[in-house]
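Read the structure below first, then the notes.
Chain letters run A, B, ... following the sequence lines, proteins first and then strands; every chain starts at 1. FYI, side chains are in, hydrogens and waters are out, and symmetry mates aren't considered; it's all heavy atoms of this structure.
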Amino acid sequence: MAERTIAKVLSANDSGETGAHQAGILVPRDERLLSFFPRLDPSRYNPRCHLNFLDDSGTFWEFAFIYYNNSLFDGTRNEYRLTRMTKYIRQANLVAGDEITLTRNDEDRYHISHKRKQLTNRAKGGALKLGTGWRIIEI
DNA sequence: AGCCATGCACCG
DNA sequence: CGGTGCATGGCT
């Protein structure tokens, strides 16, 4: 299998600028994105797995990929999240608009890096329209 | 659907 | 006891 890369532009909540302490970014239920991550069993309640990401400086960061799926049981939640990223985001000094890039090797090794915000997506009124932020670099 | 927000458990 | 992450509610 070829190497795969996905990327997400961080929202204010993702970077922690909103004061949130949920420390997790949302992963849309898109097959291209979900297939990047390990498969989580939908028949389980809030299944998760932890992933070790290597950054450009050779440091390992353990993130958690969680499927909050209580809507399949007794609740209303149905979304995937990548959590436990606060330390990485801090050491990299990331803010909303910056982009993180996630890569997976043939050997299921994960790598993370980041780019500074690009100035191209400013909407009128000064508000920043970020959309979902996710994109797929390579399949 | 995606982002914002938060009470509480846990842990240093 | 303050910071962190979980789980989930709320708002747009």
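When the side-chain nitrogen and oxygen atoms of A:Thr132 are compared with OP1 and OP2 of B:dC3, none of them lie within a distance under 4.0 Å. Distances shorter than 4.0 Å separate none of the side-chain N or O atoms of A:Lys8 from OP1 or OP2 on B:dG2. Contact annotation: A:Tyr68 side-chain N/O to C:dT8 OP1/OP2 distance is not under 4.0 Å. The phosphate of B:dC3 has neither OP1 nor OP2 within less than 4.0 Å of any side-chain N or O from A:Thr18.
Of the residues in residues 37-48 of chain A, those lying under 4.0 Å from DNA chain C by heavy-atom distance are A:Tyr45, A:Asn46, A:Arg48. Taking every heavy atom of residues 49-58 of chain A and every atom of DNA chain C, no pair lies under 4.0 Å.
Within the 6.0 Å centre-distance limit, the rings of A:Tyr110 and A:Phe36 are counted as a close aromatic pair.
At a threshold of 4.0 Å, the pair A:Arg90-A:Glu17 does not count as salt-bridged, since none of the basic side-chain nitrogens sits closer than that to a carboxylate oxygen. A salt bridge links A:Glu99 with A:Arg135: the distance from a Lys NZ or Arg NE/NH1/NH2 to an Asp or Glu carboxylate oxygen falls below 4.0 Å.
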Between the protein and nucleotides 9-12 of chain C, which nitrogen or oxygen pairs come in under 3.5 angstrom?
unit_1	atom_1	unit_2	atom_2	d
C:dG9	N7	A:Arg77	NH1	3.0
C:dG9	N7	A:Arg77	NH2	2.6
C:dG9	O6	A:Arg77	NH1	3.0
C:dG10	O6	A:Arg77	NH1	3.3

Close N or O pairs between protein and nucleotides 7-9 of chain B (under 3.5 Å):
unit_1	atom_1	unit_2	atom_2	d
B:dG7	O6	A:His21	ND1	3.3
B:dG7	O6	A:His21	NE2	3.4

After noting the C-alpha distance and the side-chain angles of A:Tyr88 and A:Trp61, does the key distance pass the ring pair (Phe, Tyr, Trp, His ring centres under 6.0 Å) rule? CA-CA 7 Å; A:Tyr88 175 81; A:Trp61 303 91; 5.6 Å; yes

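Rounded to whole Å, the distance from CZ on A:Phe63 to C1' on C:dT4 is 15 Å. A:Lys87 has its NZ atom 14 Å from the P atom of B:dC11, to the nearest Å. Summarising the geometry, the separation between CG on A:Asn13 and P on C:dG5 is reported as 14 Å, rounded to the nearest angstrom. Rounded to whole Å, atom C1' of C:dG3 lies 14 Å from atom CZ of A:Arg84. Remark: P of C:dA7 and CG of A:Asn69 are 11 Å apart, rounded to the nearest angstrom. When rounded to the nearest whole Å, the span between CE of A:Met85 and C1' of C:dC6 equals 17 Å. Taking atom CZ of residue A:Phe73 and atom C1' of nucleotide C:dT8, one finds them 15 Å apart after rounding to whole Å. Put simply, CZ on A:Phe65 is 18 Å from P on C:dG5, counting in whole angstrom units.
Of all the heavy atoms in A:Ser35 and A:Arg104, the pair that sits closest is O-NH1, 3.4 Å. Of all heavy-atom pairs between A:Ser11 and A:Ala96, the closest is C-CB, 3.7 Å.
Separating the CD1 atom in A:Ile112 from the CD1 atom in A:Ile89 is a distance of 8.0 Å, to the nearest 0.5 Å.
Counting heavy atoms from C-beta outward, A:Ile100 and A:Leu10 have side chains that approach closer than 4.5 Å. Residues A:Phe65 and A:Leu40 meet the side-chain proximity criterion, which asks for heavy atoms closer than 4.5 Å. No side-chain heavy atom of A:His114 sits less than 4.5 Å from a side-chain heavy atom of A:Asp55.
Applying the side chain to side chain contact (heavy atoms under 4.5 Å, CB included) rule to A:Leu26 yields the partners A:Pro28, A:Glu79; only residues at least two apart in sequence or on another chain are considered. Every salt bridge (charged side-chain N to carboxylate O under 4.0 Å, His left out) that A:Arg109 has, sequence neighbours left out, goes to A:Glu107.
For the pairing with A:His111, the side chain to side chain donor-acceptor pair (under 3.5 Å) check across A:Thr101, A:Thr103, A:Asp56 returns one residue only, A:Asp56.
Between the side chain of A:Thr83 and the backbone N or O of A:Gly24 there is no donor-acceptor pair closer than 3.5 Å.
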